[in-house]
Undergrad: 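Before I ask anything, let me first share the structure, which is written out below as structure tokens.
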Amino acid sequence: MLRAGMIRQLGAGAYTYLPLGLKVLQNAVRIVREEMDAAGANELLMPALQPVELWKESGRFEAYGDMLMKLTISGNHHMALGPTHEEVITDVVRNLVRSYKQLPITLYQIQTKFRDEARPRFGIVRTREFLMKDAYSFDANLEQLNASYNAMYEAYCRIYDRCGLPYVVVEAESGPIGGDSSHEFMVPCSTGEDRVIFCPSCGYAANQERAEIGHIKKETPEPAASAAAYESVETPNKRTIRDVCEFLGVPETASAKLLVFVADDKPVAALIRGDHEANEAKLRRAFKATTIAPADPAIIQKATGVPVGFLGPVAIKIPLVVDRAIAEMSTVVVGGNAVDVHFKGVVPGRDFPITNLHDLRNAEVGDACPRCHSNMEVKSGLEIGHVFKLGTKYSKAMGANYLDEKGTENPVIMGCYGIGINRIVAAAIETGNDANGIIWPLELAPYQVTLVPLQAGDEVVRKTDEIEKVLTDAGIDVLVDDRDLRPGVKFKDADLIGIPLRVVIGERGLKDGNIEVKWRTEKDSKNIPADGAGQAVLAELQEARAKLASECRSRIESRAASRKG
RNA sequence: CGGGGCGUAGCGCAGCCUGGUUAGCGCGCCUGCCUUGGGAGCAGGAGGUCACCAGUUCGAAUCUGGUCGCCCCGACCA
């Protein structure tokens, strides 16, 4: 995009959209707006500048932490630049909605969001300032919520279909907010920041943060009382799993690590196989906590009396949960809870309790699918949308209530739905490009057609003007490349900026009564008669649009069919 | 916030180690000629606080210290 002259970097995570790039962004906005309106949502616009009191009221001032951009303005008012608008919209609704008769309602806006990202990266994928469409639904009961949620889900599918993006919908982690359901829309691509776990045989797909691991019943090894007791070995200065395993000559899969977390201010321990990765969301659920974070070494030392690197589950003093994979091991190498000591041959269930068994780790390639138990696979994905059932978190915290038929007060039930507009653009480029440049989908392209007159002669200019007029009269935005440059330069530029349809008007072709038409996606061009060329180009475009529309329609139908089935 | 790299013309870079003419090169830009169906050629030209601040030195793009900015890896990312 930089190369094509569409954006320009101002600083870390801040980009200017030049005219060509802005047109693409606006096309994405237009599609989103059309589909939101069609889904029955109402547009409004809330301020980006918000009083921090609102954030304290919802309890998210702390939860959002450094991501929230804070500033002080005249008169010593503390303000924040909104990273999202649950607080503001809830404030709006608590003041306006009184009765169940006003529900359900879905409101949305398209607006610039601010997040103080620790590390902006991947060009426009992760920036400190970005355009977001955020929608919020307000319902009186779960039935209504499901209807609102499904309407947004379906609208999102239509939006991405129209943008020509090959998306997948995955189950997502809903975070400490809770709620029963959350889906992310992902575009598979190498620059994606998220890892999607999916099952090729049954279609299960989830964010790695969320993905469950199928539990295959194996014979749990007998905690044989007859087996030898564990032995204590000196492991001077061997603190990491790799060091210890190398030192003892055992594979990492035969070891286990004890990780200490702070769950709602209390230190807790989790035992995970040495080569596995802990999943904080799963841990949080296992401990039934609302917040969880890795404990720092000082806290660990204080809570366990053991320095980091030698922690083990045997006779540990803080609450312990154990990953399921541990229970399938007959013996395990663990920390000895003393400096420079590890234990070999420790038997789970005999030497430490495995009563608190949970799925605690990140799913990996080859893990069993939670539905059909086939091996799952992993790929990278770029998150372009997220739909979310919020429940009553904000309405309860901020007192957004309505009166039901019986006259009793209830908190409204909320949902929220976000689309990163810039990411639609980024995803379109990631999935549509070749060595010559970008290949825009028809609906996003900055211009649908470019006219390339090769010479400045009268006849060529006249024909170009004629075609331009026909297309413009039909409401089509046309880019005419009337620069005085060599043909090769114009062709290369047209390819680079990815205009879907290129029309070449040249003296050579006109002599034979031809002009040339070429789709960016196709290898070869074709000649059409110069007479009535404008109408022919128009027909060509309309045909392509009709094809897209019918493809979208058939996708909508197949989604509807699969929902019934 | 940790680790690494880089700041020299609009863009991409060389020069720095070993201080010393007028700081170069490619692309782009401007003028003219020529050329015109896949990034032509020739000739001429414009364009620089060498990121910033301080220090060492007769002399600093070059050496030293600090500051700022950007990029990459990691931690983080309801």
Side-chain angles (χ1 to χ4, degrees), chain A residues 2-5 8-15 55 58-68 82-87 113 115-123 125-128 130 132 134 172-179 182 184 191-195 207-210 277-278 280-281 284 290-294 296 382-383 386-391 393-394 397 414-418 420 423 435-437 452-457 460 481 483-497 502-512 514-516 518 523-525 527:
Chain A
L2 275 171
R3 191 159 60 98
R8 181 108 193 157
Q9 184 179 30
L10 178 65
Y15 288 84
W55 285 77
S58 71
R60 280 212 300 177
F61 185 73
E62 284 76 21
Y64 237 93
D66 294 336
M67 282 272 273
L68 189 65
T84 166
H85 279 68
E86 280 83 7
E87 281 76 7
K113 298 284 185 280
R115 291 184 190 176
D116 196 352
E117 294 286 353
R119 179 140 103 89
R121 61 178 130 184
F122 296 126
V125 170
R126 181 170 289 275
T127 53
R128 294 208 167 109
F130 57 96
M132 180 169 162
D134 46 327
E173 184 49 52
S174 44
I177 288 179
S182 172
E184 282 170 343
T191 49
E193 294 189 280
D194 290 278
R195 326 234 27 113
N207 194 310
Q208 189 174 43
E209 296 169 356
R210 169 75 201 183
E277 236 175 90
E280 289 190 18
R284 198 187 61 244
T290 50
T291 64
I292 194 156
D296 62 56
L382 175 62
E383 180 187 346
H386 199 160
V387 293
F388 204 112
K389 292 182 187 174
L390 284 176
K393 176 187 160 84
Y394 296 94
M414 293 170 58
C416 77
Y417 317 92
R423 283 191 177 179
N436 290 322
V452 185
L454 294 184
Q455 298 85 12
V460 171
D481 189 354
R483 296 174 299 170
D484 180 21
L485 290 172
R486 303 171 64 80
V489 178
K490 294 187 179 188
F491 294 151
K492 288 286 182 191
D493 281 349
D495 285 348
L496 177 61
I497 62 177
R502 188 186 74 196
V503 180
V504 176
I505 305 101
E507 276 167 3
R508 203 161 86 191
L510 283 184
K511 209 173 286 170
D512 302 329
N514 285 330
I515 65 162
E516 175 196 305
K518 179 183 174 295
K523 203 162 168 286
D524 299 311
S525 60
N527 285 321

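Quick note on labels: first sequence line is chain A, next is B, and so on, each numbered from 1.
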Undergrad: So which heavy atom on P453(A) is nearest to which on V460(A), and how close?
TA: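 Smallest heavy-atom distance, with atoms named: CB-CG1, 3.7 Å.
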Undergrad: Consider the side chain of R486(A), meaning its heavy atoms from C-beta on, and name the nucleotide among A40(B), G38(B), G39(B) that approaches it most closely.
TA: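 Ranking A40(B), G38(B), G39(B) by closest atom to the R486(A) side chain puts A40(B) first.
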Undergrad: Please state how far atom CZ in R195(A) lies from atom C1' in C76(B), giving the value in whole angstrom units.
TA: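 Atom-to-atom, R195(A) to C76(B), this comes out as 17 Å.
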Undergrad: Using the side-chain heavy atoms of Q455(A), tell me which of these nucleotides is nearest: A78(B), G39(B), U36(B).
TA: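 My answer, after comparing the listed nucleotides, is U36(B).
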Undergrad: How far does the P atom of G15(B) sit from the matching atom of G24(B), given to the nearest Å?
TA: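 Nearest-Å result for G15(B) against G24(B) at atom P: 15 Å.
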Undergrad: Under a 4.0 Å N-O cut-off, is there an ion pair linking R121(A) with E193(A)?
TA: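 Yes, R121(A) and E193(A) are salt-bridged.
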Undergrad: Hey, is R210(A) close enough to E184(A) for a salt bridge, meaning N to O under 4.0 Å?
TA: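 Between E184(A) and R210(A) there is no salt bridge, as every charged N stays at least 4.0 Å from the carboxylate O atoms.
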Undergrad: Under 4.0 Å, counting only non-hydrogen atoms across every strand here, what does D493(A) touch: a base, just sugar-phosphate, or nothing?
TA: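 Base contact.
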Undergrad: Does D512(A) use its side chain to pair, donor to acceptor, with the backbone of N514(A) at less than 3.5 Å?
TA: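 No: the side chain of D512(A) does not pair with the backbone of N514(A).
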Undergrad: Side chains of Q208(A) and D194(A): closer than 4.5 Å at any heavy-atom pair?
TA: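 No, side chains not in contact.
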Undergrad: How long is the line joining CG of D481(A) and C1' of G38(B), in whole Å?
TA: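 Those two atoms, CG and C1', are 13 Å apart.
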Undergrad: Can you tell me, in whole Å, how much space there is between the C1' of C13(B) and that of G48(B)?
TA: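 Taking atom C1' in both C13(B) and G48(B), they lie 15 Å apart.
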Undergrad: Is there, by distance only and without an angle test, a donor paired with an acceptor across the side chain of R502(A) and the base of G38(B) below 3.5 Å?
TA: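 Under the 3.5 Å cut-off, the side chain and the base do form a donor-acceptor pair.
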Undergrad: Which of the following nucleotides, A78(B), G38(B), G10(B), is nearest to the side chain of R60(A)?
TA: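 Taking heavy atoms from C-beta onward, the closest nucleotide is A78(B).
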Undergrad: Picking from A78(B), A40(B), C77(B), which would you name as closest to the side chain of E86(A)?
TA: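 In terms of side-chain proximity for E86(A), the closest of A78(B), A40(B), C77(B) is A78(B).
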Undergrad: Which heavy atom of W55(A) sits nearest to which heavy atom of T84(A), and what is that distance?
TA: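 Result for this residue pair: CZ2-O, 3.7 Å.
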Undergrad: Which nucleotide in the set G10(B), G38(B), A75(B) lies at the smallest distance from any side-chain heavy atom of A118(A)?
TA: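 Ranking G10(B), G38(B), A75(B) by closest atom to the A118(A) side chain puts A75(B) first.
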Undergrad: Which whole-number value in Å describes the distance from E193(A) CD to C77(B) P?
TA: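 Those two atoms, CD and P, are 13 Å apart.
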Undergrad: Under 3.5 Å for both pairing distances: what stems, at least three Watson-Crick or G-U pairs long, include RNA chain B?
TA: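 Ordered by first number, the stems with RNA chain B (at least 3 consecutive pairs each) read B:1-7 with B:68-74, B:10-13 with B:24-27, B:29-33 with B:41-45, B:51-55 with B:63-67.
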Undergrad: Whole-Å distance between C76(B) C1' and D194(A) CG?
TA: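 Those two atoms, CG and C1', are 13 Å apart.
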Undergrad: Could you give the distance separating G4(B) and U21(B) at their P atoms, to the nearest angstrom?
TA: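 Roughly 35 Å separates the two P atoms.
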Undergrad: For F491(A), is the NZ or CZ atom of R502(A) found under 6.0 angstrom from the centre of its six-membered ring and inside 45 degrees of the ring axis?
TA: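 Yes, R502(A) sits over the ring of F491(A).
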Undergrad: Tell me the closest heavy-atom pair linking L454(A) and P487(A), and the distance in Å.
TA: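 Nearest pair, atom of L454(A) first, then P487(A): CD2-CB, 3.7 Å.
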Undergrad: In whole angstrom, give me the gap between the P atoms of C70(B) and U8(B).
TA: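 One P to the other, the span is 14 Å.
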Undergrad: What's the gap between C6(B) and A61(B) when it is taken at their C1' atoms, as a whole Å value?
TA: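 To the nearest whole Å, 15 Å.
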Undergrad: Which atom names give the shortest non-hydrogen contact between R128(A) and D116(A), and what distance separates them?
TA: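 In terms of heavy atoms, the two residues are closest at NE-OD1, 3.5 Å.
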Undergrad: Can you tell me how far the CD1 atom of I505(A) sits from the CG atom of D481(A), to the nearest 0.5 Å?
TA: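 So the gap between those two atoms works out to 10.5 Å.
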Undergrad: Using the C1' atom in both, what is the distance from A40(B) to C27(B), to the nearest Å?
TA: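 It comes out at 15 Å once rounded to the nearest Å.
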Undergrad: A172(A) and H386(A): which non-hydrogen atoms are nearest, and at how many Å?
TA: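 What the structure gives for the nearest pair is CB-NE2, 3.8 Å.
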Undergrad: Map C416(A) and I505(A) onto RNA chain B by nearest heavy atom, then report which one ends up closer to the 5' terminus.
TA: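 Its nearest nucleotide being more 5', the pick is I505(A).
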Undergrad: Once you round it to whole Å, what is the distance between P of A78(B) and OH of Y394(A)?
TA: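 Rounded to the whole Å, the gap is 11 Å.
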Undergrad: Within the 4.0 Å limit for protein heavy atoms, which parts of nucleotides 67-73 of chain B are touched? Write it as a string from 5' to 3', B for base, S for sugar-phosphate only, - for none.
TA: ---SS-B
Undergrad: Using a 6.0 Å cut-off, check whether atom CG of N527(A) has over 12 heavy atoms from anything other than its own residue.
TA: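 Check passes, neighbour count above 12.
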Undergrad: For E62(A) and A78(B), what is the distance between atoms CD and P respectively, to the nearest whole Å?
TA: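 Spelled out: CD on E62(A) to P on A78(B) is 17 Å.
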Undergrad: Could you work out the separation of G28(B) and G47(B) based on their C1' atoms and round it to a whole Å?
TA: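 The answer is 12 Å between these two C1' atoms.
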Undergrad: Taking CD from E383(A) and P from C77(B), how many angstroms apart are they, rounded to a whole number?
TA: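 Those two atoms, CD and P, are 14 Å apart.
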Undergrad: Return the value, rounded to whole Å, for the distance between atom CD of E277(A) and atom C1' of G74(B).
TA: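 From E277(A) CD to G74(B) C1': 13 Å.
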Undergrad: Detail all sub-3.5 Å separations between protein N/O atoms and N/O atoms belonging to nucleotides 27-34 of chain B.
TA:
none

Undergrad: Return the minimal non-hydrogen interatomic distance between K490(A) and L485(A), and the atom names on each side.
TA: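 Shortest heavy-atom separation between K490(A) and L485(A) comes out as CE-O, 3.7 Å.
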Undergrad: Taking atom P in both C73(B) and C30(B), compute the distance separating them and give it to the nearest angstrom.
TA: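 Their P atoms lie roughly 37 Å apart.
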